[in-house]
Each structure stands twice: as structure tokens, then as C-alpha cells.
Amino acid sequence: MTNQMQPVSGNTKRVTPHPSHPDRDQATQQRFASKILALSGILQSTLEINELLALFAKEIRQFIKYDGLTYRFPSLKIDIKLGDQPVNNCAYELVVAGDHLGDLNFFRHYPFENSELETIENLLAGLLYPLRNTLLYQRAVESATMDPLTGVRNRAAMDSSMKREIGLALRHNTPLSVILMDIDHFKLINDQHGHLYGDQALKAAAQCAEQSIRESDMIFRYGGEEFLILLTGTDLKGAELLAERIRQNVENLAPQTDKAIRMTVSLGVTALGPSDDINTLFQRMDNALYRAKDAGRNRIVIDPAVK
């Protein structure tokens, strides 16, 4: 197997910790070991994945010329791109003690030499353990902020995100909109089919909504069968279009479970105004949803921002 690809070919070399190499003399091994130790010490200064990769990218430039790198860890939805991604690359699967730590690619406009590849592989040993610690931290953070049933963010994550994004939007005068989605007649689903089927329907609706929004949007379980969708950089018209797409996608979902449960949702939409705070924004959002349900459900209602 080779780690030299021109162009990108899909061949990936697995990298695991290797403190010594049988083909190197003792002085060379000691030199690499000191570099790895220094690199590892620098990388242990952070548990934020973006900062860790930025630090690693900066430090490794002292030894290898490259144009860009990418790092992917799909289970935590991590996809980091730094610099350019021209045709020549070397790809590595990072592994510690049998644990997959993601895939790292280096790119540049001309091929990597074998000696450079060897240097990269040695320096990657300094990344592995700080990276594993960072991923463990990221998992812990995600676990604390995710709703275990639906897989979307929970109420605690919503409260902190709303305060942060409202503050940023008001400070920079950028648009921000919110959608409150409620599953229609959800109590009836539970009463007729049982809570197990109700849970499955709840999860299906949440995942459908999540798949309908952009990567930059955030969806939270607001409570019970209600979900809040936070749209940064989106005005009221854009939020209305997205709400209608969600409504249609949920209505067109295949029947849930063998009980042939079909669902619809009602959605209230509003946008942040210059005089708003989190309380006034939530009041309009709740009011819009109430009006949607009162008007017959399976519809969206817009409550314009206060000028």
C-alpha cells in the first residue's frame, strides 16, 4: 500500500504510534523523538478540535512544505479544511489502540518525496494522543448537549446558543430568524399507538427537519414534541421558505413503523428585530405557532419582527 497519490486515489496509509524505526540509527531516532515530544506538548494546550488542527498545521510547516490539509471525523460531524487542496496528496488513517481517530490528508501542487512522507508519518505520532483527548472531550460535550431520543441539540444547548446568536446579530446588525415546529396531534399518536411508536415518530420528524436545513442552521428539542430551529444570517422571507420545505418534507414522509403513522407539523416563524431580546422573540415565535395550530394545523404562520 502506498501513501503517495497523483491524483487523489483513495489509497490511505494507517498511522499508529511508533516511537522507533528499525531502519534508523539511534541519533536519528532521538532527533525524531524530541520533535514528536515538543509537538505533542504544544498540541496538548487545547481541547478545541479546530484550534488543535490549526496548531498542528502551523507547527508541521517547519518541516514540510504543503498547500493545505483536510481532517474528517464523520461520527462527530467534523470536517476541517485548511488551505488549498490541489491534485497531489498523501492520506492517513489515524489510529490509537484500535480506535479510529479520523482521516488526515496533506495536499500540494507537486508530489511528496519519500523522505517527506517519512517525516510526516513521524510527526503524526505527536498528533495522535492530543487528538484522541480532544475527540474524547468533543464527545463529552456533544453528549451533554444532545437530546438522546431524537439526536438533535437539547434545551440547555438551545439556551446558550440563542443568547450568543441574538447578541451577535444585534451587535453586527445581521439577520436572524427562528422557527418553532410542533408535531400535530402528537398526544393522539401516543394514546392510539403507545409511547414506543410515539418516540419513533418523534425521532423521524426531528431527523426530517434536520435534513431539511442548512449545515449552518441549528435545531433543538424545545420540549415535548416541539423543536426550535435557529437560522443565523437568514431574514424572514428565507425562514418562511425553509419552514414550508420542512412542512412539506414531514407531510411526505413514508408512514412511520408498521402502524402506518403519518405526521404533519405546524410551524411558527419570526425574525429578530432591533428592539428584541430573547423574551420578546420567544413570545412572537410562540404566538405564531399557536395561531398555526388554531387555524387548523399543518401550516406555517409568520409573525413579523417589530421594527
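Side chains included, hydrogens not; waters and symmetry mates left out as well; all remaining heavy atoms used.
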Provide the full list of salt bridge (charged side-chain N to carboxylate O under 4.0 Å, His left out) pairs with a residue in residues 152-169, sequence neighbours left out, each pair given once.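 Checked against salt bridge (charged side-chain N to carboxylate O under 4.0 Å, His left out) - neighbours excluded - the pairs reaching residues 152-169 are R155-D159.
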Could you give all pairs that pass the salt bridge (charged side-chain N to carboxylate O under 4.0 Å, His left out) test and reach residues 38-57, with sequence neighbours left out?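 Every pair satisfying salt bridge (charged side-chain N to carboxylate O under 4.0 Å, His left out) with a residue in residues 38-57: there are none.
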If you measure only the distance, is there a donor-acceptor pair under 3.5 Å linking the side chains of [X] and [Y]?
{"X": "T134", "Y": "Q138", "answer": "no"}
{"X": "D182", "Y": "S266", "answer": "no"}
{"X": "Q211", "Y": "Q207", "answer": "no"}

Which value, rounded to the nearest 0.5 Å, describes the distance between [X] atom [atom1] and [Y] atom [atom2]?
{"X": "D286", "Y": "R291", "atom1": "CG", "atom2": "CZ", "result": "12.5 Å"}
{"X": "R297", "Y": "D184", "atom1": "CZ", "atom2": "CG", "result": "6.0 Å"}
{"X": "I300", "Y": "Q248", "atom1": "CD1", "atom2": "CD", "result": "9.0 Å"}
{"X": "C90", "Y": "L117", "atom1": "SG", "atom2": "CG", "result": "5.5 Å"}
{"X": "N133", "Y": "L43", "atom1": "CG", "atom2": "CG", "result": "11.0 Å"}
{"X": "R245", "Y": "C208", "atom1": "CZ", "atom2": "SG", "result": "10.5 Å"}

[X] side chain near [Y] side chain, heavy-atom distance below 4.5 Å:
{"X": "F227", "Y": "L202", "result": "yes"}
{"X": "I166", "Y": "D277", "result": "no"}
{"X": "L101", "Y": "Y129", "result": "no"}
{"X": "I49", "Y": "L76", "result": "no"}
{"X": "D84", "Y": "F107", "result": "no"}
{"X": "K237", "Y": "E240", "result": "yes"}
{"X": "I229", "Y": "L231", "result": "yes"}
{"X": "L135", "Y": "I78", "result": "yes"}

Provide the closest heavy-atom pair for [X] versus [Y] in the form atom of the first, atom of the second, distance.
{"X": "Q85", "Y": "L69", "result": "NE2-O, 4.2 Å"}
{"X": "N154", "Y": "A144", "result": "ND2-O, 3.1 Å"}
{"X": "V269", "Y": "A239", "result": "CG1-CB, 3.6 Å"}
{"X": "M181", "Y": "A205", "result": "CE-O, 4.1 Å"}
{"X": "L170", "Y": "D276", "result": "CD1-O, 3.6 Å"}
{"X": "F220", "Y": "L230", "result": "CE1-CB, 4.0 Å"}

Any donor-acceptor pair under 3.5 Å from [X] side chain to [Y] backbone:
{"X": "N122", "Y": "A125", "result": "no"}
{"X": "R284", "Y": "A271", "result": "yes"}
{"X": "D67", "Y": "G83", "result": "no"}
{"X": "T234", "Y": "S177", "result": "no"}
{"X": "T119", "Y": "S115", "result": "yes"}
{"X": "T270", "Y": "D303", "result": "yes"}

Treating Ile, Leu, Val, Met, Phe, Trp and Tyr as nodes and any side-chain heavy-atom pair under 4.5 angstrom as an edge, say whether M263 and L149 lie in one connected cluster. yes
I'd like to know whether F56 forms a side-chain contact (heavy atoms from CB on, under 4.5 Å) with L131, so could you lay out the CA-CA distance, the side-chain angles of the two residues, the decisive distance to 0.1 Å, and finally the verdict. CA-CA 10 Å; F56 176 73; L131 178 60; over 6 Å; no
Knowing that exactly one of L228, V152, T150, I246 qualifies, which makes a side-chain contact (heavy atoms from CB on, under 4.5 Å) with I219?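 It is V152; the other options fail the test.
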Could you please spell out the steps behind the side-chain contact (heavy atoms from CB on, under 4.5 Å) verdict for L128 and L94? CA-CA 7 Å; L128 292 177; L94 309 178; 3.7 Å; yes
In plain terms, say whether [X] and [Y] are close enough for a salt bridge, that is, a side-chain N and a carboxylate O under 4.0 Å apart.
{"X": "K293", "Y": "E225", "answer": "no"}
{"X": "D79", "Y": "K81", "answer": "yes"}
{"X": "E142", "Y": "R139", "answer": "no"}

Quick one: list whatever passes side chain to side chain contact (heavy atoms under 4.5 Å, CB included) with R61, sequence neighbours left out.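 Applying side chain to side chain contact (heavy atoms under 4.5 Å, CB included) to R61 gives Y66.
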Contacts of E59 that satisfy side chain to side chain contact (heavy atoms under 4.5 Å, CB included) - sequence neighbours left out: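 Only L39, I42, Q62 meet the side chain to side chain contact (heavy atoms under 4.5 Å, CB included) criterion with E59.
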A quick test of your reading: do over 12 heavy atoms of other residues, nucleotides or ligands sit less than 6.0 Å from CG of N252?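 Yes, because the 6.0 Å sphere around CG of N252 holds more than 12 heavy atoms from other groups.
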Within a radius of less than 6.0 Å around CZ of F186, do more than 12 heavy atoms belonging to other residues, nucleotides or ligands occur? yes
Can R108 be said to sit on top of F106's aromatic six-ring, NZ or CZ under 6.0 Å from centre and within 45° of the ring axis? no
Hey, what else clusters with V141 if you join Ile, Leu, Val, Met, Phe, Trp, Tyr whenever side-chain heavy atoms sit under 4.5 Å? L47, Y137
By the rule that ILVMFWY residues connect when side-chain heavy atoms come within less than 4.5 angstrom, directly or transitively, which residues belong alongside L168? none
Test N298 against E251 for side-chain hydrogen bond (donor to acceptor under 3.5 Å, both in side chains), laying out the working first. CA-CA 8 Å; N298 191 23; E251 186 177 28; 3.1 Å; yes
The test is side-chain contact (heavy atoms from CB on, under 4.5 Å); show your working for V301 and N287 and say whether it passes. CA-CA 9 Å; V301 167; N287 179 60; over 6 Å; no
Evaluate the side-chain contact (heavy atoms from CB on, under 4.5 Å) criterion for residues L104 and L127: first the C-alpha distance (whole Å), next the side-chain angles of each, then the deciding distance (0.1 Å), finally the verdict. CA-CA 11 Å; L104 186 68; L127 171 66; 4.1 Å; yes
Over 60° means perpendicular and under 30° means parallel, so tell me whether Y197 and H193 are parallel, tilted or perpendicular.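 It falls in the perpendicular class, over 60°.
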